[in-house]
Amino acid sequence: MKGFTSRKAPYLFIAPAIILLSVFSLLPIFVALFISFTDMDLAGLADYSNLSFIGIKNYINVLSDPVFLKAIFNTLFYVVIGVPLVILTSLSVALLINLGKAKVFKVFRVVFYLPSVTNVVAVAVVWAYLYNPAFGLFNYILESMNLSAIPWLTEPTVAKISLILMALWRAVGLNMIIFIAALQGIPRSYYEAAELDGANTWQQITKITLPMLRFAIFFVSITTMIGWLQFFEEPFIMTKGGPLDGTMSAALFIYKNGFQLSNFGYAAAGSFVLFIAVIAVTLVQYKVQNKESDY
Amino acid sequence: MNSNKKDKLFQWIAGIVLTLGGIMFVLPFIWMILSSFKTESEVILIPPTLWPQGFTFENYKNLFENMNFAVYLKNTLIIVLFSFFGMFLNAMAGFGFAKYNFKGKDGIFFMVLATMMIPSQVTMIPVYLILNKLNLTNTMLGIVLPGLVGAFGIFLFRQFMTTIPDEIIEATRLDGASEFRTFVQIILPVSKPILAVQAILAFIGGWNSFLWPLIMANDEKLYTLSVGLSLLKSQYGGNFALQMAGATFMVMPIIIIFIIFQKNIIENYTTSGLK
């Protein structure tokens, strides 16, 4: 690198992106931390002299707010049920597609990936219609098979599962692709050696494929878990957090308090609790992963 | 012979399982498209009809004549254009990180990657306050700025551009071209594969943008298709045919683009996603 221009050049190239990222990703963290200790609301927004420091009062209030606790419980429910479901389903689909030899199997990649690229709002609108208790397709199918109708979105626990099913449908595609990519990275010779030793398909999957996929499974479980912790659009469009806050997620709670009730300080405190959870989950997973690879 | 037979049986079972799953996966789309061509009285028939009794375009006409969808479409397309511009900024940053050595490079790049960890729920309130301070709430600029650049895009561009040989860049430098011209005339054309994928992803991202327009726009004049559709859902909850037309209008362009470019998109993840 010679000359003055070329020494300055890299900074000019990265400057626009770095400035935008600093203003809209890094600075906000400090702003959020700051206002989470204040009573920032519409009055505070209009004139900063109306702001006052209230210490950790927001945190105390939010952690004893029954709606927030419910939102945390629901979010854990989404994580605990959703993450294994997503991993199991996308891994099974990936294995089946990868083992298939005919050309048709490439078509399945597209079919299962399709929901991932589509608009979450549009899809939520469609699923709300499918789930409709009176006119929905799902209950019609159940009833025509002489099964009883399911209160898809009207009973708190069932509604959570209904939202999970829809999100699962959207999540399979991308994770399946990640698994397929990882599967194709496993050397053929491993399987050939196992076959010579007389291992059947199932043994090959459990003894070679799954151990070799450890990093992909780790990656998918972390991204999926973070995704579920931020679960927002689906409950926002389909249930508005109801019935009885039964589908309220932590993210939706923050949005509602921030932008519908204008309790910015309070919502910021809630968002920090969520942020700490995201960081904790990532660190724990990372530790577990490191331990496992010690073997 | 025996294992061969077994393998064939397995292939058939895998095919059948995937076909059944695949039908379930496309069923919501098929139902959405067919319902969008039905009349409001037909979509609530019990038992439901699969095929529309008579195809009607009334719902689509309604979206544009009575529902402001033309405005939403215009706003969405403006956002798509901005995401292409954002992609250009990502490419520039990726180039800076890939092909230069400068003070603080590793630290800055680490910081870029760290922003991927920050959930949008944490940033949405402070970003709203920052944009409010800049008098940018309820403006198009305020809607597009927060999501203009992204760490993941910068990362992918950097990965690709490190593989470009230094000799090409040195040669243009000797010809006296400026650094920026080298970037536009040499680097960008060489980076076509990654640009193509990023452009498709930028289009999909812009077309689907929901959270920032929802927060920043107080005014229907600035709504995107996503925000407009969610408004439609809450205002016309019982008009399922109308909702399905709106959803179809949003989803179909993406499905078509995806099917045309699926090879590039899927391969992008295969090569860059996990290495």
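Order of the sequence lines fixes the chain letters, A, B, ..., with proteins taken first and strands second; residue numbering starts at 1 for each chain. The structure displayed is predicted, hence computed values, not measured ones.
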With a 4.5 Å cut-off on heavy-atom pairs, point out which of [options] contacts chain A the most.
options: B:Ile108, B:Val127, B:Leu148; value: B:Val127
options: B:Leu225, B:Leu211, B:Thr248, B:Leu129; value: B:Leu129
options: B:Leu145, B:Val227, B:Val251, B:Ile204; value: B:Leu145
options: B:Gln262, B:Met32, B:Met124; value: B:Met124
options: B:Leu89, B:Ile118, B:Ile259; value: B:Ile118
options: B:Thr115, B:Leu232, B:Val26; value: B:Thr115

Given the options [options], which has more heavy-atom pairs under 4.5 Å with chain B than any of the others?
options: A:Phe275, A:Phe232, A:Phe112; answer: A:Phe112
options: A:Phe264, A:Phe30, A:Phe108; answer: A:Phe108
options: A:Leu137, A:Leu20, A:Val31; answer: A:Leu137
options: A:Ile18, A:Asn200, A:Val93; answer: A:Ile18
options: A:Val126, A:Thr282, A:Leu27, A:Val172; answer: A:Val126
options: A:Tyr11, A:Tyr129, A:Phe135; answer: A:Tyr129

Distance under 6.0 Å and angle within 45° of ring axis: B:Lys233 vs A:Trp127: no

A:Lys240 NZ/CZ over A:Phe236 ring centroid, <6.0 Å and within 45° of normal: yes

Backbone of B:Gly150 reached by a side-chain donor or acceptor of B:Asn90 within 3.5 Å: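 Yes, the answer is positive, given that a donor and an acceptor are paired below the 3.5 Å cut-off.
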
Distance from [X] atom [atom1] to [Y] atom [atom2], nearest 0.5 Å?
X: B:Glu40; Y: B:Leu242; atom1: CD; atom2: CG; value: 6.0 Å
X: B:Tyr100; Y: A:Lys8; atom1: OH; atom2: NZ; value: 13.0 Å
X: B:Trp31; Y: A:Leu130; atom1: CH2; atom2: CG; value: 8.5 Å
X: A:Ile205; Y: A:Met212; atom1: CD1; atom2: CE; value: 14.5 Å
X: A:Asn58; Y: A:Met40; atom1: CG; atom2: CE; value: 11.5 Å
X: A:Leu99; Y: B:Gln11; atom1: CG; atom2: CD; value: 7.5 Å

Identify which part of [X] has an atom lying under 4.5 Å from any heavy atom of chain A, answering side chain, backbone, both or neither.
X: B:Met250; value: side chain
X: B:Thr19; value: both
X: B:Gln243; value: both
X: B:Ile154; value: side chain
X: B:Leu18; value: both
X: B:Val17; value: side chain
X: B:Ile130; value: side chain
X: B:Ser120; value: both
X: B:Met244; value: side chain
X: B:Met252; value: neither
X: B:Ile13; value: neither
X: B:Lys105; value: neither
X: B:Phe102; value: both
X: B:Phe97; value: both

More than 12 heavy atoms from other groups under 6.0 Å of OH on B:Tyr236: no

Check whether [X] gets within reach of chain B through its side chain, its backbone, both or neither, counting any heavy atom under 4.5 Å.
X: A:Ile254; value: both
X: A:Ala134; value: backbone
X: A:Leu274; value: side chain
X: A:Val278; value: side chain
X: A:Leu21; value: both
X: A:Ala15; value: neither
X: A:Ser22; value: side chain
X: A:Ile97; value: both

Centroid-centroid under 6.0 Å between B:Phe157 and B:Phe95 rings: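 No, the ring of B:Phe157 stays outside the 6.0 Å limit from the ring of B:Phe95, centre to centre.
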
Check: B:Phe29 ring centroid to A:Trp169 ring centroid under 6.0 Å: yes

Nearest non-hydrogen partners of B:Thr76 and B:Gly206, listed with the distance: CG2-O, 4.1 Å

Closest non-hydrogen atom pair, B:Leu229 against A:Ala122: CD2-CA, 3.5 Å

Please state whether the rings of [X] and [Y] are parallel, tilted or perpendicular, taking 30° and 60° as the class boundaries.
X: A:Tyr255; Y: A:Phe259; value: tilted
X: B:Phe249; Y: B:Trp207; value: tilted
X: A:Phe13; Y: B:Phe180; value: parallel

Exercise: do A:Asn119 and B:Ser226 side chains pair donor with acceptor under 3.5 Å: yes

